[in-house]
Peer 1: 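Pasting a structure below so you can have a look.
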Amino acid sequence: MTKNLFEIKNLSVHFHKNHHLIKAVDQVSFAIPAGTTVGIVGESGSGKTTTGRAIAKIGPITSGEILFNGQSLSSFTRQQTYQFRRQVQMVFQDPFAALNPRQKVGTTIGEGLENFHLGANRHARETKIIDLLAEVGLPSDAINRFPHEFSGGQRQRIGIARALAVAPKFLVLDEPISALDVSIQAQIVNLLHNIQQQQQLTYMFIAHDLSMVHHISDSIVVMYHGKIVETGPTQLVYHHPLHPYTKALLSAVPHADPIYEQHKRIINFDSTTAVTSGHLVEKEAQHFVLA
Amino acid sequence: MSDIIKIKNLQVTFPDEAGPIYAVRGVNLNLKHGETLALVGESGSGKSVTTHALLGILPKDAEVTADQLQFEHQDLQSLSEKDLTLIRGSQLALVFQDPLSALNPTMRVGKQIGEVLKYHEHLHGKKLIAAVNAEIKAVDLDNPALIASKFPHELSGGQRQRVMIAMALIGQPKVLIADEPTTALDVTLQAQILDLIQAQKQKHDLSVIFITHDLGIVANIADRVAIMYAGEIVEVGTANEIFYYPQHPYTWGLLDSVPDTDDDQEQLFTLPGTPPDLHQKSKGDPFANRNPYALTIDFEATPPVTQLSATHFVKSWLLDPRTPAYEPPVSIQKRWQTYRALAKEGTHD
């Protein structure tokens with residue numbers, strides 16, 4: 001049995017907006033086994049990103065507990081928080097907004113190395129940055145260039161290099177491919193997969209596109225209005241979806257096949273009849289659905 | 001079917017510090033009355049620039065030339081700015097990828113729709129309010145009065161895109177150009193917007209140009225497909241010809257990079273290399289350096305256009321009779337088998 005890197009127990013994140021209570025994340029529990037990828041899918045506003053930010057300790061928590069290597073994030077000492085900040089990194093959706101436009105790529109990637117005193121001196125750090133660029137498939141001269149000189153896919157590679165610089169254990173990948181061309185999406189997914197194999201990283205992959213999540217994830221968490229409605233091993237969730245919302249999401253995925261598209265029936269999700277509250281029940285091995 | 005739009009030898013060049021950018025390089029394209037034509041390619045392939053040239057909305061410093069740029073019986077190049085504005089405003093409508101940046105953020109949605117209605121139909125007062133609500137209802141939004149009272153940022157992405165479509169259709173255009181209208185949306189919303197466009201197309205007898213890089217969407221919506229690469233159309237055909245009898249190695253690459261959820265492959269297919277620098281006028285085939293099937297001649301001479309059917313055209317040396325025998329990737333051979341089966345049934349078009 002693999003060890004869990006993260007355990008999320010009854011996590012809730014509530015916000016107040018115009019005197020309304022918004023339950024962005026509502027009693028969510030799941031585990032992220034070390035060395036695996038957990039894919040989180042759901043529509044905009046379903047609580048995917050809020051969950052990711054809570055796990056990375058950069059977003060608020062209303063109640064519940066997040067354990068990292070068995071220890072609660074809320075009980076961390078300053079030194080432990082410092083180490084956690086190095087071990088957990090984020091990669092964002094918009095590679096255009098996530099990089100400082102006035103800062104050379106080398107400086108952006110090197111910031112983490114300086115913050116965590118990695119690399120003995122300037123020369124060692126520069127060598128490390130060039131290695132990182134090579135690792136993500138960018139030329140070494142990128143070090144002295146600015147973000148605007150790169151395409152969307154290349155910028156996402158820069159974002160990944162920045163995250164990898166501090167030798168993390170865990171990456172929160174928040175829609176890292178949504179803004180990219182289909183052909184570039186595949187390159188980034190392959191790159192993430194290869195890096196994970198080489199460095200035994202653990203990923204949380206947040207997306208609304210189910211077809212790419214399928215390729216990178218070992219298990220899937222489906223969220224709807226702040227709740228987990230279904231979770232399980234990727235193949236089971238894909239080929240044997242149990243919750244009506246998962247079925248609706250899967251039925252809408254477009255296929256590059258006109259005959260399939262002509263005959264496909266999109267299942268509409270009816271939130272008034274489906275179960276959207278209650279508890280997760282294990283229907284088959286490791287495969288849970290809200291019931 | 002008659003052509004509602006005809007483009008012949010369109011060239012668009014942008015000035016740049018590093019020399020001119022040859023963004024569109026001799027595009028020939030026609031849109032048939034009542035069809036949906038998908039314009040497919042990666043960022044920078046010239047899809048949007050082609051349609052923006054047609055609409056005359058490129059930046060002033062862009063250099064546009066064409067042998068023909070025709071809408072119905074009118075030569076768009078010979079029209080005055082005033083007449084062109086009239087056609088653009090009413091006959092040719094454009095829906096963008098990001099409705100949030102296309103709508104006025106400081107004006108209520110109802111007022112914005114009202115402005116368009118005032119311009120086209122000269123309505124006022126209660127009649128205007130009723131017409132605004134009717135337009136909102138026509139794109140399947142519930143509670144039109146409530147939607148009308150909202151600011152753009154208060155609507156969801158799907159609602160905003162519906163509002164954009166409603167506004168685009170008010171002038172009763174003949175052609176709708178949809179530029180990646182679903183890219184920013186979730187799959188379920190995406191499917192709904194595609195359905196809405198199909199329904200509006202039937203209702204208003206529209207001809208549609210649909211710009212996208214997503215072949216799943218193309219399979220859903222297109223009658224015909226034009227594949228663009230580096231400012232050129234490299235393959236064009238009916239949806240069945242492009243999906244089940246593709247001939248250009250770039251089309252093969254695009255089809256193969258769509259993930260297949262039935263297949264548990266470790267690595268996804270990716271095209272090697274990067275698109276060419278558009279500052280260079282390419283010698284030979286611009287796709288040559290990424291093309292595993294490239295021949296020596298691909299690096300030396302511009303490929304000829306081969307016609308395979310009344311509707312299917314391919315710009316590649318592979319189809320030259322002198323080219324030695326080759327086998328496309330297995331995934332593509334499977335698609336060809338489907339095409340042969342369809343041809344046997346006599347339903348390949």
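Letters go in sequence order (proteins before strands), and every chain restarts at 1.
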Peer 1: Give the member of B:Thr338, B:Thr270, B:Asp186, B:Thr188 that has the highest number of heavy-atom pairs under 4.5 Å with chain A.
Peer 2: B:Asp186

Peer 1: Please state whether the side chain, the backbone, both or neither of B:Leu185 comes within less than 4.5 Å of a heavy atom of chain A.
Peer 2: backbone

Peer 1: Going by the angle between their ring planes, with limits at 30° and 60°, are B:His153 and B:Phe151 parallel, tilted or perpendicular?
Peer 2: parallel

Peer 1: Are B:Lys201 and B:Asp223 close enough, and set up right, to give a salt bridge (Lys or Arg N to Asp or Glu O under 4.0 Å), and what steps lead you there?
Peer 2: CA-CA 13 Å; B:Lys201 184 190 152 203; B:Asp223 300 306; 3.6 Å; yes

Peer 1: Which answer fits A:Leu249, side chain, backbone, both or neither, if we ask what part of it has an atom under 4.5 Å from a heavy atom of chain B?
Peer 2: both

Peer 1: Is A:Leu180 close to chain B through its backbone or its side chain, or both, or neither, when contacts mean heavy atoms under 4.5 Å?
Peer 2: backbone

Peer 1: Pairing donors with acceptors under 3.5 angstrom, does anything connect the side chains of B:Asp214 and B:Thr212?
Peer 2: no

Peer 1: Could you have a look at A:Gln154, A:Glu43, A:Met212, A:His208 and say which one has the most heavy-atom pairs with chain B under 4.5 angstrom?
Peer 2: A:His208

Peer 1: I'd like to check B:Pro329 versus B:Phe269 (side-chain heavy atoms, cut-off strictly below 4.5 Å). Are they in contact?
Peer 2: no

Peer 1: Does a side-chain heavy-atom distance below 4.5 Å link B:Leu271 with B:Tyr250?
Peer 2: yes

